[in-house]
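Chain A is the first sequence line, chain B the second, and so forth, proteins listed ahead of strands; every chain is numbered from 1. Only a predicted model underlies this, so the values are computations on that prediction, with no experimental measurement involved. Side chains included, hydrogens not; waters and symmetry mates left out as well; all remaining heavy atoms used.
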Amino acid sequence: MENAQIADVFDEISAILQILGENAFRVRSYQNAARTVRDMADRAEDLLSSGEDLKKLPGIGSSIAEQIDEIVRSGTSHRLTELRGKLPRGFLELLRVRGLGPKKAKKLYDDLGIKSLDDLEQACKDHRIRDLPGMGVKTEEKFLENIGRARENVGRMLLRDADAVFEAFAEHIETVPGLQRFSAAGSRRRRRETIGDLDILLQVTDRDAAINRILTFPAISEVEAQGKEKLTLILNGNLNVDVRFFEADEFGAALLYFTGSKAHNIAVRKVAIDQGYKLNEYGLYKGDKRVAGNTEDEVYEVLGLDSIAPELRENRGEVEAAAKHALPILVDHNDIHGDFHSHTIETDGKQSIEEMAQAARMRGLDYLAITDHSQAVTIARGMDNKRVEKHAEAVRKVDAKLDDFWLLAGVEVDILKDGSLDIDTDILGELDWVIASIHSHFDLDEKEMTQRLLAAIETGVVDCIGHPFTRHLVTRGPISIDVDTVFQACRDNGVCLELNAQPERLDLPDVYCHRAKEIGVKVAIASDAHKATDLDYMRYGVSTARRGWLEPGDVLNSLSTKELRKRLVRKPGAQRWR
DNA sequence: GCCGTTTTCGGCCCGACTGTTTTCAGTCG
């Protein structure tokens, strides 16, 4: 039983309770529990079987702890089953329509018998919505417009794609007359792997002029709300953008507030309340007097907290750590001296060894591992034993010509279904850098998959497990493994874990970066570049590492070439990373 | 439903905008 499945149960319970008009705080309790369970690194199932008390977790009390126990043991929740019986099938999909919340959904059902998106669409077309109390022609039109988007199930956008939209929009914002300050906030600023919408804060001298200028941005497909404080836009028909205006002395408090996360805000607000302050998006107040608000740092400081990097603001212990002056010194882009995973035209890359090396140098790196695919990945024209040897020779030849740069001759070797590697171990033993990855049979059960990885880890010739969960943020969930067992084996065998920086992977996920650190496994951040410009994905790896609390010392990339060469000497019978 | 160094009961973040009202409820973040 995965945590995500348990979290889904609580989210659904919460949604149904909301429609049924239950106590709003009970509704929120289920949401909080869902978030806690979804975000924690340990599996609830494992905690239970090792006798841990789930009630120690934030937002989990005796009732929800019992429910988790039931879900893990029986695979079902009688509470959810019972609640589902109170609503027609498909009813919850109504809540995905923007502007339609639980209250209106209930009214639509009670008054018009609307049970699904189809019913709602028909009722709009028949103009039956406009006659309901509290709703009118505009409501009807809005529903009709938003039903399409709800059907498309517009999920979250990859961080990279949100970055692209934001950067174009930011260029436009730079032309706003009287612009004094602007910043992205929200999950983009926290560098979450996916983004629901963009939040942008502005400080300008003339709001009307600024709004007029902003509204000329060509990608705006709709203006959903427009007021003195706030502008809600839809860009390219699929991305919501909130633009908010603040004055100079409010800006820091606003940035803090709108960067979130919501859970972080609540935790910080609680610190404020405990010390007799009031904190909102306009400032930190003692009574009616604003005591901080210009900058985020100022607000944190008055509250006795160290400044918390946006990537950490998920209420995973960062507020407590800030109060104890025990925050990690996070790894930074400047700490990254090299890249541990790249491909060339030898397999499915787009550029030559020389071109990749040159591109890496131009980006200020001191070393790059060339790690083309092995034979099992036929679609990428993977290499057999002979080609691996020949390719390594070619890499070393290029390396010999480079001053002050190290091109590591490596391979991304496949872990076959039974855990064996598809290149001979004596050949692998001669290489500078060996990544072992899973590219097939993703659906083995946890026991088999764990054994499969353990077998690869214990070969003694693997330096790193590539994209350990093989997840794909849009199309594929993670493989199922016993995380602690695998990570401990990595530690004991001197194998490190890759943090694959491809924006659709970001694998290790942040919570497992944190777990790796706790267990004592080193992390190698790697772009997995298939062409020169992919090397820039490193920044997504670094931000994910930061979200996982990693410090330079936790990350292999912080080693200089000299230090790395020392660490990579493979003594006969000994592992590398002890 | 959760939580507690003022509490085991009585709190639980709160402001902006819209669309419908004629002073406010619902939704959203």
Do NZ/NE/NH1/NH2 and the carboxylate oxygens of [X] and [Y] come within less than 4.0 Å?
{"X": "E311(A)", "Y": "R316(A)", "value": "no"}
{"X": "R43(A)", "Y": "E446(A)", "value": "yes"}
{"X": "R313(A)", "Y": "E318(A)", "value": "no"}

Whole-Å distance between [N] [atom2] and [X] [atom1]?
{"X": "D242(A)", "N": "dC28(B)", "atom1": "CG", "atom2": "C1'", "result": "8 Å"}
{"X": "R98(A)", "N": "dT27(B)", "atom1": "CZ", "atom2": "C1'", "result": "9 Å"}
{"X": "L57(A)", "N": "dG1(B)", "atom1": "CG", "atom2": "P", "result": "18 Å"}
{"X": "F143(A)", "N": "dT27(B)", "atom1": "CZ", "atom2": "C1'", "result": "10 Å"}
{"X": "I19(A)", "N": "dG26(B)", "atom1": "CD1", "atom2": "P", "result": "14 Å"}
{"X": "D199(A)", "N": "dC28(B)", "atom1": "CG", "atom2": "P", "result": "15 Å"}
{"X": "I195(A)", "N": "dG29(B)", "atom1": "CD1", "atom2": "C1'", "result": "15 Å"}
{"X": "L108(A)", "N": "dA25(B)", "atom1": "CG", "atom2": "C1'", "result": "15 Å"}

Quick one: does D53(A)'s side chain have a donor or acceptor within less than 3.5 Å of a partner on K56(A)'s backbone?
->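 No: the side chain of D53(A) does not pair with the backbone of K56(A).
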Heavy-atom donor-acceptor pair, E140(A) side chain to R130(A) backbone, under 3.5 Å =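 Such a contact is found between E140(A) side chain and R130(A) backbone.
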What is the ring orientation for H172(A) with F217(A), classed by angle as parallel under 30°, tilted 30 to 60°, or perpendicular over 60°?
->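 Tilted, since the angle between the ring planes falls between 30° and 60°.
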Between F258(A) and F246(A), what is the ring plane arrangement, given parallel below 30°, perpendicular above 60°, and tilted in between?
->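 Tilted, since the angle between the ring planes falls between 30° and 60°.
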For DNA chain B, the residues among residues 286-310 of chain A that have a non-hydrogen atom under 4.0 Å from it |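 None, since no heavy atom is under 4.0 Å.
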Please tell me which of F258(A) and K270(A) maps to the more 5' nucleotide of DNA chain B, matching each residue to the nucleotide holding its nearest heavy atom.
->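 Result: K270(A).
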Between A105(A) and P58(A), which has a closest nucleotide on DNA chain B that is more 5'?
->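 Closer to the 5' end of DNA chain B: P58(A).
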Looking across every strand, which nucleic acid part, if any, lies under 4.0 Å from S62(A) by heavy atom: base, sugar-phosphate, or nothing?
->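 It contacts sugar-phosphate atoms only.
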In 5'-to-3' order, the base (B), backbone-only (S) or no-contact (-) status of each nucleotide in nucleotides 12-20 of chain B, using a 4.0 angstrom heavy-atom cut-off, is BBBSSSSSS
